[in-house]
Structure formats: structure tokens, C-alpha cells
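Hydrogens, waters and symmetry mates play no part in the numbers below; they use all other heavy atoms, side chains included. Within every chain, numbering begins at 1; the chains are lettered A, B, ... in the order of the sequence lines, protein sequences first and strands thereafter.
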Amino acid sequence: MMNYNFNEIEAKWQKYWADNQTFKAENDSEKEKFYVLDMFPYPSGAGLHVGHPLGYIASDIYARYKRHKGFNVLHPQGYDSFGLPAEQYAIQTGQHPAITTETNIKTYRRQLDQLGFSFDWSREVRTSDPSYYKWTQWIFIQLFNSWYNTDADKAENIDSLIQIFEKEGNTNVNAVCDDDTPDFTAETWSAFSPKEKQALLLKYRLTYLADTEVNWCPALGTVLANDEIVNGVSERGGHPVIRKKMTQWSMRITAYAQRLLDGLDKIDWPQPLKDSQTNWIGRSEGASVTFKVLNNTVTERSRSDENVISTPVNHPYEIEVFTTRPDTIFGVSFMTLAPEHELVSKITTREQKDEVEAYIEATAKRSERDRMADVKTITGAFTGAYAEHPFTKEPVPIWIGDYVLAGYGTGAVMSVPCGDQRDYDFAKHFDIPIPNIFEGVDISEEAFADKDNTVIANSDFLNGLPYKKAVKRAIFELEKLGQGKGKVNYRLRDAVFSRQRYWGEPFPVYYDADGMPQMLDEKFLPLELPEVDKYLPTETGEPPLGNAKRWHWLQYGDEGKVVSKEEFENSSPLGRLGGALELNTMPGWAGSSQYFNRYMDPHNDEEIFSQEAINYWQDVDLYIGGSEHATGHLLYSRFWQKFMFDKGWVPKDEFAKKLINQGMITGTSAFAKRLNEVEVSGFDDKIKSKCTIFTSKRDTKVSSEYSNEYTIDDEGRSWRKGTMKIQSGEDIAKSRFEPFFINEIKKVYPKYEDLDNENFRFNYSNIHIDVSYVNSDDSVNLENLKKWNDEFKQAKFILSTDDKFYAHREVEKMSKSKYNVVNPDAICEEYGADSLRLYEMFLGPLEQSKPWNTAGITGVHSFLKKLWRLYHSGPNGEFYVSEEAPSADSLKTLHKTIKKVEEDIENFSFNTSVSTFMICVNELSAQKCNSSAILEPLAILVSPYAPHIAEELWEKLGHTTSIATASFPKFEEKYLVESSKEYPISFNGKMRFTLELPMDMTKEEIEAAVMAHEKTQQQLQGRTPKKVIVVPGKIVNIVG
RNA sequence: GCUCGAGUGGCGGAAUUGGUAGACGCGCUGGAUUCAAAAUCCAGUUCUUUCGGGAGUGUGGGUUCGAUUCCCACCUCGAGUACCA
């Protein structure tokens, strides 16, 4: 007997592929290239669960398919191995994160290998490897040495900017830079000190050091990016986040806002993902308008950067606002500034000072989360100051309010209560007038924000104009006054690039004697992470790298090294370069923003990748990964790619042509309901039961006779059977255990004696139990559960009516802490990797998320056994194929399958091709097909999905080389041609019966044949049809 | 609130240039095989029915000879995002 021995077969071929480097991709090939990429994993300590491989299986099928189609396929894999969990483990145990990471990677590799992926492991990268992060540091230096020339619409070398400054200052420079960049002439530039020059250049560099208001997470001791915060708390751990000013490295991603938006049109990415990037970038068109503050003049030295400019000026304060509705400017009845706005303290009058300061203090205390949770409460304060309306010259009161965000636009708005609901609510609350500037609109109840139906009134030169025309005219008039212009505003902020962590890429940066940041020369890269004693911040609050004994840069000429502070200070200052090295490290997304290009030439130590490699591979053809990276990794990577493109290092300005988000495979958690305590109303007492009590739940209904009589023992079971209409242990607890318990309580505490049952409140909570103790009908194996931990060992269980304990089930994300993780190892052991691969594809559409349910895996497993039997039709189940010509039916089955599977793979509809295989094997089995002319191509068709069994069958068919590059069977239409068609005959659109008719009949002949049929006459019951629709080859519909 | 997506048997799901709704698998029911079980195989399985048939793809309308598919309104669920001026 030749059974399908999958464990043996799979181990054999996994070894074969590794030994023969079957999937090694060559950088030069006559073949056309195809690049299939997975989002590389973070190697966590928990290892892989069944949800992780979903996307890898899909991409592997596609990669294998493309090899069959004759492409030179690049399908690499690696590890995003810097990250928080390894560091937190290090803080707890003192174990170096590198060791933890190495261990975890070993587990990952073993688990990935056992699934039979066709990765080219010779190209593996790890972001935490110095040989890899050398190039992450290199890109950082390139960004530092670049500025964004808006006229050329691309990044350029900083030298070209310096040349312009030397020649003509910055007045004609059209660049993306800090808002507070002052104007200067060539003469002023040359008069600046080197330090001043450096400070100015930082305002232009694509990565720059600046005091920024950041999201500080005290619990994690680090800064978080906006996309690392969910609902006002940290994505990792759910800790509170506050706003704080810190000096941080930032990436000038805003320079690329428009190109990041435009680029979305030319890539084939999922619409929801594009939408969320579009939202994140948040382009809005409108105007910036300048309001002059009345009776208040700037007298002190102005401009924030006193290092650079210190010209005393004398002019009124100005408030710049951004609005998308310049057409409503005559509706302005007040202005609102964010409490953090820098002008607030300068313009507030003496009388209002106390109120304003109290308000600012109160809002500062509220966390992001509180502020978000409570958007309905209207708060604010009047500054006492007034601004001048640009057109009417009327005074406009200036308020502050926390509904205006400091981080968006200019942190100030012109409030138009009749046209904006928030302004309207604010005005109502503080009794500010609400002038109506809309024709024929009632604003007594709410603001009117419908742009399309807007006709402006009471607005001087805008009267009678619709929205679009009014906007144009308003901007024109503002420009004439010099108090405004059309403006595009983006929600996108520059990305903070510093993290106060140990386990990340060190910055190739030291601080010179002036305290200015200097880049290490490229030839000194990589700058390796130093050893530290502790992975926590230092006592003085410095990042963990502050603990490093040696973390100063010391360089003379071409010789440079990392030394201790003492060594640096004792060295000769003559010709010396260097200083303290940067203590922050780079964020998680740094290493993942160019890894896809590094795979093309991963061992190159001279360049990030060779031009030959990038010119051959170009870009990623198919990228598969989760949608959670929509506004993080996938936005930053596009930004770096565009930068690399500007510099001429990559040929494409979008790195991935097509992207697919695989859905999440969720787990089904199991719970037991635990009685926590009993509260007695009117008393503050909380009574705990002596032992933990769990109640059962069952969904299926058990009906039984109904009676009010019952008894119960303290085990919560052994009641009189069939006397109650009870379905679950939960009901039993409610109706019988709880009254029983109350009686017991009353005995012990006589003071409760007169209380009703309603005075006792039972608190239950759901406790996760490990899904491995739960059977498929949700009943729990209590014996094993009790061995799991002490709580269950000691506990009492109220069973359901059939003496079983049923768990509550709920679909949740798979996670170790929820005890709902299903591990692929056990499934591979029991059913094999091919079964797991097929089953994950068979679960449903790739992009949809779905709960894991192991029950159905037997279906695909028996399919594989049937497939195996198809090739083993000899005596005693020996391998047997014949050289006889196949039957027409078998050819039809095969070609139908080729066609469908090819279409399915091209459309990423992997679930339907698994069905197609099942149909195909069912049909061929019924036909008793054993012809090699059918079974050979079938093995190739199956091979992308179930590669191990396919290789084994291929070898048995007499081949000596891997099936991996066998060419995909060619579909031929001629085998599908039919001579007749089973016509569905419908009456008024409802199919009533079918009728087999030859394909070559004309419409008229078909109609005659159908009308003559007895069932037609029976359906018509003597009526004459009004109309007969005949679609040859499709359907016949009789109306009447 | 806004944006996007989705609603089909007991379950996962299939079918859309409009043309036989429920492919394929799970589960369930019955049978064969077996001392028994596992495994395997065969038959059935949307609901309803007076066994002729009738109804049926979230709800209500519309377009059409014909709608799961297109249009309008509504309901429900999921995802993202949010005082964005």
C-alpha cells in the first residue's frame, strides 16, 4: 500500500529545495523578471500562529505560478528585527535584545520552512544587522544633505542651496522649509557665523533637528508617531499619551505631500488603503487670510530664532488663518485661537488675563483622550483683544477655545457661525452674534454648510454669487489688499524620527563643540549600537544610550572611532572632529522603508544596491501584507522611494505596482463566566464566595418540562431532572444557584435577613480559557482544564443540563494573552503543510478577514488523499499511470480546470481554485482516468498550492528535476466545445425545467422546439405567450 | 458625524458585460463496510407543501422579457477616521 504519507513527503522536498537552492533568483537572466514580496515579519517570541502565513501562502502560490509561466521570480524574505518587545524583555531580564531576537528568528525560520515556501533565503535581510542598518544610516545622511526645491519639484543636494544663498540670499528660493525661516540677503548670509549657517540650513534639510511638540508616552518612556497612537493611547500597551516639547529629528515628508497624493493614481493598491492615505495626507483647498490685531503692536524683538535674526520691528500683530470657505468672510463674527497659540499671551488684555490663563491651564491638564472623548462640551475664553476685519474694518473679538487645534493649519480660525456648526455652537454658548450671509436660508436652528446650494448675501461684492465664484472673488480681493491668498493645506505633519529606545538604529550623528549636529562620514558606517548595562533611561532622563560608557565620536583625518567621554576630552583638540553621539535611535519604520530594494542586492557592501540589480528588478510587482500599515510603513516607504528617485538611485518613484491586503484570521476565544462577588445594596459589603464558581453556557436549546420546583446542592448540580426549562449553566446559576447562595449568605449574616433577592447583585466576569481545552461543540474538557492552573483546580463548575460545561465563544484577534492561538505546527503534524496551505486559501477570499475554525480542514485533507489515489490506481494502491490516450471527458475536465485555475490565480481568487481542484479530481476519479497526458499537467496545476505532493507525484511520473520550473499547461478551447446545450426554460423569468437542444439550432428552431414541448403546454395551461425570448446558447424565457 | 466595505442555507462561502441562486467544503441525516471504532464509499440536505407546486439572496420601491448582479430610499454589521476650520 502506498498511502499518502505527507510528513515524509514534505520533509523530503523541503530538504531537496534547500539543498538544491531551487528558488535562488539570479540578478541577470534572459527571462522576464517578476518580484513578489511579503511584508517581512517582526520575529516575536510567541512564534507563528495560523493567521500569519495567510498572506505568505497567497504570495507563494503567485510566485510559484509565475515560475511555471517562465518568469525569473524574486521572492525574498527577512525580518524586521528591531522593536519594542525584545527591548522590554531586556529591561525585565537583562538579556541582550540581540540574543532574544536571534532565538525568535530561529523559531520563525523553522516554522516558515515547514510550510514549504519558495523563498530565496540567500537574500535574507535583518533590519537589526549592522551590515543592513549601515544603509538605513546612509539614507538618513542623504536626506540630511538634501533640500526640497519646489520649483524643480524634487529633492536636491544641499550644496546647491548654499550656492544660491551665497549668490543672492534666500528671497527667491522656493523651497519647503520651516515656517519661521527668516529672509536674508547674500551679504547677511556671508556675515553669519558657521553655527548660524548650520541652524539656517537645518530649516531646509529633509531630515532636521527641531523643537517639536511630540506625543510623549510616559509609560513607554518614548515619543510616538501619530500612526502609533490609537484613540489617544499608545497602540502598543494602551498607555496614555501627552503632548510635550522636545528636540527631535524629523523627516520633511510634507515636502512630498502632493506627490504622495498624485502617485496613488498610478498604483494598483486597494481603494480603502488609498482612501486612508488620502485622508491622512488631508489636502484641503482654501485661502490663508491675515487679520490685523487692533491696538496692539509688536515692540519687542521679533521672530523666534534669535540666533539668526534680531531686527526690532514695529507693526501690529497679525493672525493668519486658513479657511476652506473664504466666500463666507463677511460672516465672521469672532476669531478663535488654539489655547497653545503663541499670540495668546501677547494680545490678552489685562482684564482678561486671569480668565485666559485659568482656561489654558485647565485645557493643558486634559489629556488627548479626554479632549477627544468630550467634544460636546463647549469651552473657551475671551482674550479681550480685537482684530480688524479685512474688508469691513469692523472689530472682531478674539477668543480662545480648545476646539481649535494647535496642530492643524495655523492654529487659528476665522469663525463663521452661520456656516460652520462648531462656530455656531460656540457663538450660541457665549452669546456672540450670528450674522446670516446666505440668501434664503434659515439659520435660527443650525449652521448652513451646504456649499452646492450656497448663494451669498449681505457680503458687499460677493452678494448673489454661488460658492465657487464667491471663493474666487474673495481670494482676488484679499490678494489686492495683501491680506490673503489661495492656499492648499495638508493635514500631514512632518514625521518625528527620534525614539528614546535602545533596540533601534543609532543615528550616524555627533554634536560638535557648538552643539550642532554633524553627520559621520559614509566611510565610517555602520555606526554600531553600543553595549549598555541597563536598557532603561538614565537617571537624568536621557535615552538608554546615555548608559553607554563609550558613545563619543573621535576623528582625526581619515581615522575615526567610538570612544568614552573621558578619552574624547583627553584627546588633542588639534585637528580633532567629533563629540557626543546622538542618544536617540531611529523608529521602527526606518528599517522597513527601503528593504524591498535591498533584497535586490543584499550582500553589497559598497553600495545600497548596484545599478545593475535595480535596473533589472526595477520595482515590486506584487506586494502582499496587512492593512494596518496603511498610514505608517506604506506611506513612509513611498516617501523614501520618491526621494531615492529624485536622487536618481531608483528608476521608479513608486516601489510597488500592485498591493493586496490579506484579511486577518481571527481566533475564537473561549470564556468561562466567573462569579466574582456579591454586592448587597444599601450596605457597602461585597461578599466573596469561598471558592471560584464558573457557569456554563450553551447555545443549543434543550427543551424540557417546566415547573417552579427545584432543589440544588452546593456543587450547583443534582437538581430534579426534567422539572425546569433550563438551557444553560448560566440559567441554572441565575434561577437556582443564586437564590441558594443568598440563603446561605442570610444564614451567615443575619442582618440581611429581611432583604429581597433583588438586593443582592451578582458580579460575573468572563475569564479566557485556553481553546485547546474546548471541543468543537464548545464543551470543555474539565479534567484537563483543572490541571491548567490553580484557579480552575479549586473552582466549582455549574454544569449545563447535559452534565457538560460549555464555554462562551467570541471572535477576537489571535493573541497569546487571549489563549485563542492556533499553532500551525500541530496542524502540519496532523494534516501536513499542503493541507494547511490549501485550507487557508479555501477559507474564503484572501482580502476578507475570517475566524479560524479547524473543523473544515478534513475536507481539503481528504481532497489530497483523493488526488494521491488518482495516481495510485495500481494493485494494492501502487503508483500507476498509463500512456493511453485520455478520454474526451477527461480532456474536457482538465482544460476546464486549466482555464479556471489560471483565471483564479491572476485574480487572486485562490479559494475558488481550490474548489475547482476538488471538482476536477472528483470528475477524474469518476472517469477512472489514469492517463499520464492528464495527470502530468494536473500535477503542475496543483503545484503552486500543494507543492510537496506535486513534487512527489512529479518524481513518480519519471521526472528528475523539480516541478518548480515545469511550464504551466496550455489551455485549449477545442476540448470544451459542446454540441448541445441544456437550455433552462423560464416562464416570466422563473426557471421551470431544462431541455437539451443542439447548439447549432437557430432562434426560430429553438422556439419551435420549446413551444412543442409538453411541459411548456402544461406551464401555459392554454394561455398564448405574449413573447418568447430566445438567447441562443444561454436561455429561453416565455412571457405570458 | 464623515469615508469606505459588506449583508446569500445550520456554518465557511460560490455565481455579477443582467440569463438554471446555493458550486465546493464543513456539519447534519440515512445506508454500505467493520466484532467494534477510525478511515473509506453511496444517497440526501434553502424553506414550504395538500407532492401539482409555491416562495426565496437584509427591507421597501424602480428599470427589464429576465435582477444576488443596475438605480433610488431605508435598516443592520464591519473597517478606517474624526472638533481638520
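- Following rounding to the nearest Å, A:Asn279 (CG) and B:rG80 (P) show an atom-to-atom distance of 13 Å.
- Under the rule for a side chain to side chain contact (heavy atoms under 4.5 Å, CB included), the partners of A:Val396 that lie at least two apart in sequence or sit in another chain are A:Val332, A:Met335, A:His389.
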Between the protein and nucleotides 53-64 of chain B, which nitrogen or oxygen pairs are less than 3.5 angstrom apart?
unit_1, atom_1, unit_2, atom_2, d
B:rG54, OP2, A:Arg992, NH1, 3.4

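- Separation of the P atoms belonging to B:rG7 and B:rG44 is 30 Å when rounded to the nearest angstrom.
- Note: NE2 (A:His429) to P (B:rC83) measures 19 Å, nearest angstrom.
- Nucleotides B:rC72 and B:rA23, compared at atom P, are 32 Å apart to the nearest Å.
- In this model, no donor atom of one side chain and acceptor atom of the other lie less than 3.5 Å apart for A:Glu320 and A:Thr410.
- In this structure A:Glu1007 satisfies the salt bridge (Lys or Arg N to Asp or Glu O under 4.0 Å) test with no other residue, sequence neighbours excluded.
- We find that CD of A:Glu923 is positioned 12 Å from C1' of B:rC24, with the value rounded to whole Å.
- Applying the ring pair (Phe, Tyr, Trp, His ring centres under 6.0 Å) criterion to A:His341, with sequence neighbours excluded, gives no partner residue.
- The main-chain N or O of A:Val1039 is never found under 3.5 Å from a side-chain atom of A:Lys1027 such that the two would form a donor-acceptor pair.
- Listed nucleotides B:rC84, B:rG80, B:rC65 differ in distance to A:Leu405; the shortest reach to its side chain belongs to B:rC84.
- Using a 4.5 Å cut-off on side-chain heavy atoms (C-beta onward), A:Phe6 and A:Ile949 make no contact.
- Of the two residues contacting RNA chain B, namely A:Ile1029 and A:Thr410, the nearest-nucleotide position lying further toward the 5' end is that of A:Ile1029.
- By the ring pair (Phe, Tyr, Trp, His ring centres under 6.0 Å) test, A:Tyr945 pairs with A:Phe917, sequence neighbours left out.
- Between the C1' atom of B:rG19 and the CD1 atom of A:Ile1035 lies a distance of 4 Å, rounded to the nearest Å.
- With sequence neighbours excluded, the residues that form a side chain to side chain donor-acceptor pair (under 3.5 Å) with A:Glu982 are A:Thr994.
- A glycosidic torsion no more than 90° from 0 defines the syn conformation, and B:rG52 adopts it.
- B:rU16 makes up no base pair with any nucleotide shown, lacking Watson-Crick or G-U wobble contacts both under 3.5 Å.
- Listed candidates were B:rU20, B:rG25, B:rC83. Nearest to the side chain of A:Pro984 is B:rU20.
- Atom CG of A:Asp402 is separated from atom P of B:rA85 by 18 Å (rounded to the nearest Å).
- The shortest distance between side-chain heavy atoms of A:Ile398 and A:Phe334 does not fall below 4.5 Å.
- Comparing B:rG53 with B:rG58, their C1' atoms sit 27 Å apart, to the nearest whole Å.
- Look at B:rG9: its glycosidic torsion is within 90° of 0, and that puts it in the syn range.
- The salt bridge (charged side-chain N to carboxylate O under 4.0 Å, His left out) analysis of residues 404-424 of chain A, with sequence neighbours excluded, yields the pairs A:Asp420-A:Arg422.
- Considering only the side chain of A:Lys1034, B:rG19 comes nearest among B:rG19, B:rG25, B:rA85.
- Within the 4.5 Å cutoff, the side chain of A:Pro845 has heavy atoms near those of the A:Asn911 side chain.
- In this structure B:rC70 sits in a base pair with B:rG62, meeting the Watson-Crick or G-U test at under 3.5 Å.
- Across B:rA85, B:rG19, B:rU3, the shortest atom-to-atom separation from the side chain of A:Arg422 is found for B:rA85.
- For the pair A:Gly409 and A:Asn1037, both in contact range of RNA chain B, the more 5′-proximal nearest nucleotide belongs to A:Asn1037.
- Look at NZ on A:Lys274: it is 13 Å from P on B:rG5, rounded to the nearest Å.
- Under the rule for a side chain to side chain contact (heavy atoms under 4.5 Å, CB included), the partners of A:Met664 that lie at least two apart in sequence or sit in another chain are A:Thr666, A:Lys813, A:Ser849.
- Taking atom CG of residue A:Leu273 and atom C1' of nucleotide B:rA79, one finds them 12 Å apart after rounding to whole Å.
- Comparing the same atom, P, in B:rC26 and in B:rC41 gives a spacing of 10 Å after rounding to whole Å.
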Polar-atom pairs under 3.5 Å, protein N or O versus N or O of nucleotides 38-46 of chain B: list them with distances, or write none.
unit_1, atom_1, unit_2, atom_2, d
B:rC41, OP1, A:Arg869, NH2, 3.1

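- Remark: A:Asp904 pairs with A:Lys900, A:Ser909, A:Thr912, A:Ser913, A:Thr916 by the side chain to side chain contact (heavy atoms under 4.5 Å, CB included) rule, at least two apart or across chains.
- By the side chain to side chain contact (heavy atoms under 4.5 Å, CB included) test, A:Ala1009 pairs with A:Leu997, A:Met1001, sequence neighbours left out.
- With C1' as the reference atom, B:rC4 and B:rA82 are 15 Å apart, rounded to whole Å.
- B:rU76 and B:rA6 make up a base pair, with Watson-Crick or G-U wobble contacts both under 3.5 Å.
- Between the P atoms of B:rC71 and B:rU64, the separation comes to 16 Å (whole Å).
- B:rU17 and B:rG52 have their P atoms separated by 37 Å, given to the nearest Å.
- When distances are taken from the side chain of A:Ala855 to each of B:rC65, B:rA23, B:rC26, the shortest belongs to B:rC26.
- Contacts of A:Asp423 with the nucleic acid, taken as non-hydrogen atoms under 4.0 Å apart, are absent.
- Across all strands shown, B:rC11 forms a Watson-Crick or G-U wobble pair with B:rG25, both key distances being under 3.5 Å.
- Here the separation of B:rC2 from B:rC83, taken at their P atoms, is 16 Å to the nearest Å.
- Residue A:Thr323 has its side chain nearest to B:rA85 when only B:rA82, B:rA85, B:rA23 are considered.
- Pairing for B:rU46 goes to B:rA55, judged as Watson-Crick or G-U wobble with the two contacts each under 3.5 Å.
- A donor-acceptor pair under 3.5 Å is formed between the side chain of A:Tyr359 and the backbone N or O of A:Asp402.
- Of all nucleotides listed (B:rG80, B:rA21, B:rC65), B:rA21 comes nearest to the side chain of A:Met991.
- Remark: B:rU81 base-pairs with B:rG1; criterion is Watson-Crick or G-U wobble with both hydrogen-bond distances under 3.5 Å.
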**Message:** Counting primed atoms plus P, OP1 and OP2 as sugar-phosphate and everything else as base, spell out the protein contacts along nucleotides 10-16 of chain B at 4.0 Å heavy-atom distance: B, S or - for each nucleotide, 5' to 3'.
**Reply:** --BSS--
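- Here B:rG19 presents its P atom at 20 Å from CZ of A:Phe987, a figure rounded to the nearest Å.
- Residue A:Arg493 has no polar side-chain atom (N or O) positioned under 4.0 Å from OP1 or OP2 of B:rC84.
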